[in-house]
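Here's the structure we're looking at; comments come further down.
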Amino acid sequence: GRRLRGESTALTLESVRKFLTREEDSIVFSLIERAKYPRNAPAYDPSYLGRATKFHALSLVDLFVRETEAVQAKDGRYQNPVEIPFFPKHMTLTSVPPYNFPNELHAAAASVNVSNTIWRKYFDEWLPQITSQGDDGNYAPTAAADLVCLQALSRRIHYGRYVAEAKYREAPQDYNTAIRAKDRDALMKLLTFESQEDAVKRRVEEKAKVFGQDVTLGKRVDDSSNATNYKVDPVVVYRLYGDWVIPMTKMVQVEYLLRRLD
Ligand SMILES: O=C(O)C(=O)C[C@]1(C(=O)O)C=C[C@@H](O)C=C1
């Protein structure tokens, strides 16, 4: 399709930023929930399930995510284009009636997908930083917590499609030249707001402090004297956003915009 499917309504820079801000809560809280368990390495090791072969090696987390996504797909989760599965090949047909979710994205650009990178980075780089060494045997709850983290991160990062659409609609002529020239650097410059990124990073660090402290009756929760016991390190959350979540969201925006005139 070459045209917007159902030209819509309320996609503005303000509305998309509101969505991203609310997603911060989900991301920070999901990280706190994952950090409740230690690393639990067997959940990620195909040999734990005892059916690893050269050609087919699935870890418990691989299996858990595939199977859970299949159930959620059947029940309609991915009818909403805001949600993107990690294993789309394993989707069965949905058995629920359709809901008329707004189609705000440009059809040719809506398929921008960085799920594989999110998956790899989460397990290889970020999980070791938010969990402690150890093994408490709670592998299925661990896998369930990972999936909630992955879904929240993926939703936030892929929401870059909506952010880009909002920006494009507000100033199409500013973007058209760079899109036609396939000029990634120019697009990156156009969509970047340094002060906004700074505010986002500082806010998620603060959220990690507020959500991640023990609550004791009779004690002010913002008392900085209990600052050492945060459930997930606020500095790690700051860096997670600065080094990864925001750059990936921007990458999604650039890829979306490059296809915006297709
Ligand atoms: O708020 C925006 O304008 C966005 O594009 C989102 C975001 C982010 O990922 O938080 C990304 C790029 C901008 O430089 C600022 C913030």
Side-chain angles (χ1 to χ4, degrees), residues 8-31 81-84 102 104-106 109-122 125-126 129-130 149-179 182-211 232 234-261:
S8 101
T9 47
L11 211 57
T12 63
L13 190 54
E14 196 194 340
S15 75
V16 295
R17 283 185 175 163
K18 203 167 155 201
F19 181 95
L20 294 179
T21 305
R22 180 59 184 85
E23 286 305 294
E24 292 163 7
D25 300 4
S26 304
I27 289 172
V28 172
F29 199 72
S30 69
L31 297 174
V82 165
E83 303 276 356
I84 295 180
E104 289 155 311
L105 299 175
H106 183 66
S111 60
V112 170
N113 188 312
V114 293
S115 293
N116 290 339
T117 313
I118 294 171
W119 181 275
R120 221 180 33 246
K121 285 261 192 189
Y122 173 77
E125 289 181 29
W126 294 102
Q129 297 190 54
I130 59 163
C149 290
L150 285 164
Q151 286 175 330
L153 288 162
S154 172
R155 199 166 48 235
R156 196 283 180 194
I157 289 167
H158 286 117
Y159 202 75
R161 295 170 300 158
Y162 294 81
V163 179
E165 178 63 27
K167 287 179 181 174
Y168 181 81
R169 284 191 202 172
E170 283 178 12
Q173 62 292 353
D174 292 354
Y175 284 97
N176 283 338
T177 316
I179 294 170
K182 301 191 194 322
D183 189 339
R184 288 188 153 77
D185 294 340
L187 289 171
M188 193 60 100
K189 212 173 250 164
L190 280 169
L191 62 83
T192 294
F193 296 83
E194 302 270 4
S195 67
Q196 174 68 12
E197 293 183 24
D198 189 54
V200 168
K201 288 184 283 183
R202 286 188 291 113
R203 190 168 56 227
V204 292
E205 182 180 18
E206 199 59 28
K207 285 180 177 179
K209 290 182 182 171
V210 172
F211 302 167
V232 67
V235 176
V236 170
V237 177
Y238 180 98
R239 282 197 283 107
L240 173 87
Y241 259 75
D243 295 351
W244 184 44
V245 174
I246 293 173
M248 290 278 296
T249 307
K250 293 167 74 170
M251 243 172 62
V252 167
Q253 291 187 58
V254 169
E255 294 306 316
Y256 181 93
L257 288 164
L258 285 171
R259 304 177 198 181
R260 184 58 181 77
L261 298 176

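If you read the sequence from its start, that first residue is 1, and numbering goes on from there. All ligand and atom numbering here is 1-based and tracks the order in the structure. Basis for what follows: all heavy atoms, side chains included, without hydrogens, waters or symmetry-related copies.
- In F29, the CZ atom is not crowded: 12 or fewer heavy atoms of neighbouring residues, nucleotides or ligands sit closer than 6.0 Å.
- Residues K207 and T21 form a side-chain contact, since some pair of their non-hydrogen atoms from C-beta on lies under 4.5 Å apart.
- For atom 6 (C) of ligand 1, the closest heavy atom belonging to the protein is L20 CD1, 3.8 Å.
- Close N/O approach between L13 and ligand 1 is not found [any backbone or side-chain N/O within under 3.5 Å].
- Not one N or O on the side chain of R169 forms a donor-acceptor pair closer than 3.5 Å with the backbone of A166.
- Residue R17 holds the heavy atom nearest to atom 3 (O) of ligand 1 of all those in R17, Q196, E14.
- Summarising the geometry, atom OG1 belonging to T249 is positioned 4.0 Å from atom CZ belonging to R156; distances are rounded to the nearest 0.5 Å.
- With values rounded to the nearest 0.5 angstrom, M248 atom CE is found 13.0 Å from Y241 atom OH.
- The contact set between ligand 1 and F193, taken as ligand atoms under 4.0 Å from a residue heavy atom, comprises 3 (O), 13 (C), 14 (O), 15 (C).
- Heavy-atom proximity to V163, at under 4.0 Å, picks out these atoms of ligand 1: 4 (C), 5 (O).
- For Q129 and R239, the side-chain atoms include at least one donor-acceptor pair closer than 3.5 Å.
- Protein heavy atoms come within 4.0 Å of atom 11 (C) of ligand 1.
- The protein non-hydrogen atom at the shortest distance from atom 4 (C) of ligand 1 is K167 NZ, 3.5 Å.
- Atom numbering of ligand 1 starts at 1 in the shown order; those under 4.0 Å from a heavy atom of T192 are 14 (O).
- Of the protein's non-hydrogen atoms, the one nearest atom 14 (O) of ligand 1 is E197 OE2, 2.5 Å.
- Rounding to the nearest 0.5 Å places SG of C149 at 4.5 Å from CG of L31.
- Comparing Q253, R156, K250 by heavy-atom distance to atom 8 (C) of ligand 1, the nearest is R156.
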